[in-house]
Amino acid sequence: MARLSLRAVQKLTCKKRDAWWTVFLVDPVATRMLLVFARFRFITPNRVTWAALFIGLASAGFFLEGDRRSLLIGALLYHLSFILDCIDGKLARLKGNGTVFGGWLDYVFDRIRVLFCALALMGGQFLRTDDERFLLAALAVVFLDMLRYVDALQIYKMRMSMRTKIEKVTKSRAEADRVEREAQEQAERTRQEDARAQADRTRQTGRTHPTADGRTYPTDPSRTHPTAPGRTYPEHTDHTHPAPPAQDAAEPERPEPAAPQVVFMEDLLRDNPSSSAEALREESGAANVVDLHEQFRDRFPWYIRVRRAMLHTRVRPHLISGIEFQMFVFIVGPLIGRILWTTVVSAALLMLFELVIMYKFWLSTRDFTRVMEELDPTPTTAGTIAPQLHKGRHRHRRAVEDALLEDERYRAPGPEENPFFQPYPQPQFHQLDPEEARDLPGIPTPRGESPDVLTQPIRIRPFSKPTWADAGAEAEHEGRGR
């Protein structure tokens, strides 16, 4: 790789805006180390990431000792680990060999390093002082680190989602305008063709002969003029309506207008930080610029002035982020010997700035709703109750069941309609033996009995629960019968 100057490396690898700890305490060292690492091909961004993890775990081992000397060594090793963590991204940008897996590896290793160092630092102090507040501090450090990065990823995801929706609606609106414009042009061409056809019919009507009864007949071109024998002339010549050309000249095709490109104000301010939002809107066209931070700038106009004042230092206005929080807990606290109080103060400042970011995101969602209403004025049904739920369909279940019963399709089939229906067997008294039928009271016999006998009810013998004695007697009786 060609030898590069320090200024060239800084311009190629350093971010336009970064945390103040990174700008002042990391980049001056990281860029000089990068000049050395870039000369060797075996030094890749992923290997630098692994080295940062191992050095971070080594610092956790010194934090666990808990004495003054171990805390100083652990703080220096943690700072070196963070410098290497910054170098892997710079090396990837410089050589252009960054990968998606490398970005994921960097993110995961950062969380592992924070977890081990937090447990080791606070656990070592708890073992030395037996103060339970260090255990709560360890939980707070891990939770806040997780909250900061999860919240940052989720907010970034939602912002990209809002951008995608705005671009999609803008594209759909442009497509609808194009279709409507083509429909209007087609209607105009149809109207012109109808007018041309009407003019042709009018010219044909002008070449007819009126008669006494008011009817018109076309002129016979075979009739000749009486004063010019041997020559034929049409009796009527239409000089007022010349014949139209055989074919209209082809109209030149007009190029279709390009779809409007959506430009976001935050991108314009990021690329032109010294310009005002009003000037950038006028330069890019007010119709195509979407501002999702308009309410925040209107409520806090001093934010723009502070942002411009910090421009030349590359420091972002977000003064206490996850980076500063880690540095205060794992470097400043062990160096000054005030681990617990440094953790509490940095945690409070981190939560304060996180609340500001959440508030700014909330205002951005309101701007997004306003922009979507301007782009698509169709009322949305989100958050409303469906109309059928207002009618109380759950209260009319009986009416619905009655309607189903009245429907012929749901009527129960009769015996003659169901081929698989088997009626209950009817008693066949005529097949009984006369002697057996005579023993059954109330059952008519084939010989014929009196009507009183036919109407007598069948007497049913009451059933009694059998006892063990009855069961034995019945078994003995069956044995004798055999």
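FYI, side chains are in, hydrogens and waters are out, and symmetry mates aren't considered; it's all heavy atoms of this structure.
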Exercise. Stepwise, does the side chain to side chain donor-acceptor pair (under 3.5 Å) test hold for Arg338 with Thr343?
Worked result: CA-CA 8 Å; Arg338 299 289 182 179; Thr343 303; over 6 Å; no
Exercise. After noting the C-alpha distance and the side-chain angles of Asp110 and Arg113, does the key distance pass the salt bridge (charged side-chain N to carboxylate O under 4.0 Å, His left out) rule?
Worked result: CA-CA 5 Å; Asp110 288 347; Arg113 181 182 59 199; 3.3 Å; yes
Problem set entry | From CA spacing to verdict: salt bridge (charged side-chain N to carboxylate O under 4.0 Å, His left out), Arg189, Glu182 | CA-CA 10 Å; Arg189 286 194 297 266; Glu182 291 180 355; over 6 Å; no
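The number of heavy atoms from other shown groups lying within 6.0 Å of CZ (Phe62) does not exceed 12. Residue-environment remark: CD (Glu374) exceeds the threshold of 12 foreign heavy atoms within 6.0 Å. Around atom CZ of Arg299, more than 12 heavy atoms belonging to other residues, nucleotides or ligands sit under 6.0 Å away. Within 6.0 Å of CZ in Arg111 there are more than 12 heavy atoms belonging to other residues, nucleotides or ligands. For CH2 of Trp341, the number of neighbouring non-hydrogen atoms (other residues, nucleotides, ligands) closer than 6.0 Å is 12 at most. Remark: Phe116 CZ is loosely packed, at most 12 non-hydrogen atoms of other residues, nucleotides or ligands lying under 6.0 Å away.
The two residues Phe126 and Asp131 have their closest heavy-atom pair at CD1-O, 3.1 Å. Across Phe63 and Ala75, no two heavy atoms sit closer than the pair CE2-N, 3.6 Å. Here the closest heavy-atom approach between residue Cys14 and residue Thr31 is recorded as SG-CG2, 3.8 Å. The minimum heavy-atom distance between Ile336 and Arg68, with the atom names listed, is C-NH1, 3.9 Å.
Under the 4.5 Å side-chain criterion, counting only non-hydrogen atoms from C-beta, Ser364 is not in contact with Lys360.
Taking the six-membered ring where the residue is Trp, the centroids of Phe109 and Trp50 are separated by under 6.0 Å. Side-chain rings of Phe300 and Phe296 approach one another, their centers coming within less than 6.0 Å. A centroid separation of less than 6.0 Å is found between the aromatic rings of Phe101 and Trp104.
Within the cation-pi definition used here (under 6.0 Å to the ring centroid, within 45° of the axis), Arg148 does not qualify as a partner of Phe325.
At a cut-off of 3.5 Å, with distance as the only test, a side-chain donor of Asp88 or Thr49 sits close to an acceptor on the other residue. When only modelled atom types and interatomic distance are considered, Gln125 and Arg128 share no side-chain donor-acceptor pair under 3.5 Å. In summary, the side chains of Ser172 and Glu175 do not present any donor paired with an acceptor at a separation below 3.5 Å, with no hydrogens or angles considered.
A salt bridge is defined here as a Lys NZ or Arg NE, NH1 or NH2 lying under 4.0 Å from an Asp or Glu carboxylate O, and Asp27 with Arg314 meets this definition. Under a 4.0 Å N-O distance rule, the pair Glu193/Arg196 does not qualify as a salt bridge.
Between Trp21 and His79, the two ring planes are perpendicular [angle over 60°; tilted spans 30° to 60°]. Taking the six-membered ring where the residue is Trp, Tyr149 and Tyr107 present perpendicular rings, their angle passing 60° and hence far from 30°.
Judged purely by atom type and a 3.5 angstrom limit, Arg47 uses its side chain to pair as donor or acceptor with the backbone of Phe42.
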